[in-house]
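In the text below, chain A, chain B and the rest are named by the order of the sequence lines, each starting its count at 1.
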Protein chains: 2
Amino acid sequence: MPQTTNPHQLSERSLYLFKSLVEHFIADGQPVGSRTLARDIELELSPATIRNIMADLEDIGLLHSPHTSAGRIPTVKGYRLFVDSLLRVHQLNSREIERIAEELNPGQDKQALLKRTSNILSEITRLAGVVMLPRTEQQSLKRVEFVSLTDNRILVILVINESEIQNRIIHTARIYTPSELQQASNYLNDMFAGKDLPTIRSEILKELKRMKENVNQIMQTAIEMAQQAFMNIEPRDDYVLAGQTNLMDVAELCDVERLKKLFDSFNQKRDILHLLEQSIHAKGVQIFIGEEAGYDVLDNCSVVISPYEVEGQILGVLGVIGPTRMHYERVIPIVDITAKMLGSALNSYN
Amino acid sequence: MPQTTNPHQLSERSLYLFKSLVEHFIADGQPVGSRTLARDIELELSPATIRNIMADLEDIGLLHSPHTSAGRIPTVKGYRLFVDSLLRVHQLNSREIERIAEELNPGQDKQALLKRTSNILSEITRLAGVVMLPRTEQQSLKRVEFVSLTDNRILVILVINESEIQNRIIHTARIYTPSELQQASNYLNDMFAGKDLPTIRSEILKELKRMKENVNQIMQTAIEMAQQAFMNIEPRDDYVLAGQTNLMDVAELCDVERLKKLFDSFNQKRDILHLLEQSIHAKGVQIFIGEEAGYDVLDNCSVVISPYEVEGQILGVLGVIGPTRMHYERVIPIVDITAKMLGSALNSYN
DNA sequence: TTTAGCACTCTCCTGATTAGAGTGCAAAAC
DNA sequence: GTTTTGCACTCTAATCAGGAGAGTGCTAAA
């Protein structure tokens, strides 16, 4: 009988041993030696036999010893094999599911919901939770409102898509009365509501050019204000992160230098954002282990993320960041289910 | 000649030595010994003399040796004396002032301005910057708007005071047309604009009681929606913090345990908030050194804060958090001037 | 093919030693 | 009386050696 479909042509037994070793290491954090493993497993094998097998596994690149007389720990490649082929994902218990559901009830503003999602992810996994904000390639204007402040300053409220709100203050040449503002916003709502922002911008520019011919005062006021209001919409924060401090308990990362680099890159957002964006078109949970992600700061870290979607359209990505040595069998279903539940929570906004 | 007005009856020379020692320690971070100090100062004194004086200073409680054969470091009481009586505050150079001014231009939403302020504080001091949000004991409604979303959900936008915006989603029994919503918001604006939230709440409750007698449909709709909208306004974030990671470079705090506790208390906000609130009625820059603040997590930390005000009315508090061993002579004027500049930036909102 | 035996390696802990820094005190110098 | 010198003393931090423990790899036996 051939060794069937195993990757690396490994025997069942080797795989079993490897799996046990990884599980042991994830639980313990200490390099696992042959004797320990011999005690640990179901099979009756002597440490020597296990040593031989471990040597093979090391040759293939699945294991690695920190030094001669330490046990062995999985390499990135090893984790990869473990996660892809050996891992048996847990069922979540219903209490946890309920907890997530409770936290993810809609009925709050979208931003707050995402923040809560990030929080719950971090609390339930005891790692750092991250939720990328819905991709808004399509930002369509729902409504615009003006509120006059003192002097010639006007507060502009833009409601974009469903329930996203942007506000900014603009300055006008003269002071407008509330009813003028009302007329202006009515005009703009009639003209632009339902259109997406790039379109609106180009139409505003067109209107500005035509303006000389047209002397309608309301229109002119409205367009001038719209120009200020729509032209430089600041990009929002790109993701929300929660539970960073959980990572400070993790032994592997327990060095201030490393942690600082990691936290700094969380704040800068650039690297993490790139990583999250890679998954925006993936289906289901994706896992980046250690250096796989391609960012030095994420050495010894794994990222478990999943896109979340509403009616088949992917809106964003969420997940957790933790040490490579994490409880994948728990984390994966948590990320998975949270993505699904966030999707349906967001669904109720449309 | 008596020893004049010095605190602790210290001679000029002792004070000079003490000041030099503190400055040396702040620059260096190492306990300062008699020999080092002898080299460092202007006066020609032998290490032995300095030792005698340092022993006196230690007796009074201004200095402390980590152990017999280390130099000496200032105690909290020592820092207090230094900061209150010996410190010569730097003039800020104009480049720094310009930098702050640039960052604090208004013309953005208030929240963003405060965030930027916090950022600039942390960047310029290389410590953690904190800005408490304007106290809104007085929250007066400027305007309320309704935007209908899908189904029976309605987005409520509350403009409170000047330029603060709260939004929430409410659910209604039936679906309203835009014009109904318009009428409702007109009604509520007429009724409540300019009043403060507690008043509004109590009036809403009164109206609800009277409602049976009154069958005006618009009013009923409006009041029902108002009830949902105004009743549980979530308290906003209470302060914004920036540059936490700067604290990870500080040698004194360089222990992951401590840092985690500190960061956790930043996230919980409770302790820090209490501390900030203590200064809300103070005038000018206040400094809490180490245990003075009364919170364990702030051991070895100092907090330099100042209220900021608009037209004589204190709105909030801002400042920085760093190690006790910080460059007070630089940090104090930075906090001071930033508070003033934030005040005038906010002034332009009124 | 598996196991037992064994020499070997590496880490970690302990204890001893030393160099260095800094102190405190007593006696001498100013 | 104040300042300095000289000196014994203390404490830390670094270095080194030695031993225990864990684990390996290899060889030979089962």
Side-chain ([X]) to main-chain ([Y]) donor-acceptor, under 3.5 angstrom:
X         : Y         : result
Thr75(A)  : Gly61(A)  : yes
Asn300(A) : Glu252(A) : no
Arg99(A)  : Ile120(A) : no

[X] [atom1] to [N] [atom2]: how many Å, rounded?
X        : N       : atom1 : atom2 : value
His64(B) : dT23(C) : NE2   : P     : 13 Å
Ile73(A) : dA22(D) : CD1   : P     : 19 Å
Asp56(B) : dT23(C) : CG    : P     : 13 Å
Ile53(B) : dT23(C) : CD1   : C1'   : 15 Å
Leu43(A) : dT1(C)  : CG    : P     : 16 Å
Gln30(A) : dC10(C) : CD    : C1'   : 15 Å
Leu37(A) : dA22(D) : CG    : C1'   : 15 Å
Glu44(B) : dC30(C) : CD    : C1'   : 16 Å

* So does Arg13(B) get a side-chain nitrogen or oxygen closer than 4.0 Å to the phosphate oxygens (OP1/OP2) of dT2(D)? -> no

* To do: Hey, can you tell me if Tyr79(A) and Phe25(A) have their rings parallel, tilted or perpendicular (30° and 60° cut-offs)?
  => tilted

* To do: Please list all pairs passing the salt bridge (charged side-chain N to carboxylate O under 4.0 Å, His left out) test where one or both residues lie in residues 14-41 of chain B, with sequence neighbours left out.
  => Lys19(B)-Glu23(B)

* Structure fact -> Across all chains, not counting sequence neighbours, the side-chain contact (heavy atoms from CB on, under 4.5 Å) partners of Asn52(A) are none

Produce the list of close N/O pairs, under 3.5 Å, pairing protein atoms with atoms of nucleotides 24-30 of chain D; give distances to one decimal.
residue, atom, partner, partner atom, Å
dT24(D), OP1, Arg72(A), NH1, 3.4
dT24(D), OP2, Ser34(A), N, 3.3
dT24(D), OP2, Ser34(A), OG, 2.6
dT24(D), O4', Thr68(A), O, 3.4
dG25(D), OP1, Arg72(A), NH2, 2.8
dG25(D), N7, Arg51(A), NE, 3.1
dG25(D), O6, Arg51(A), NH2, 3.0

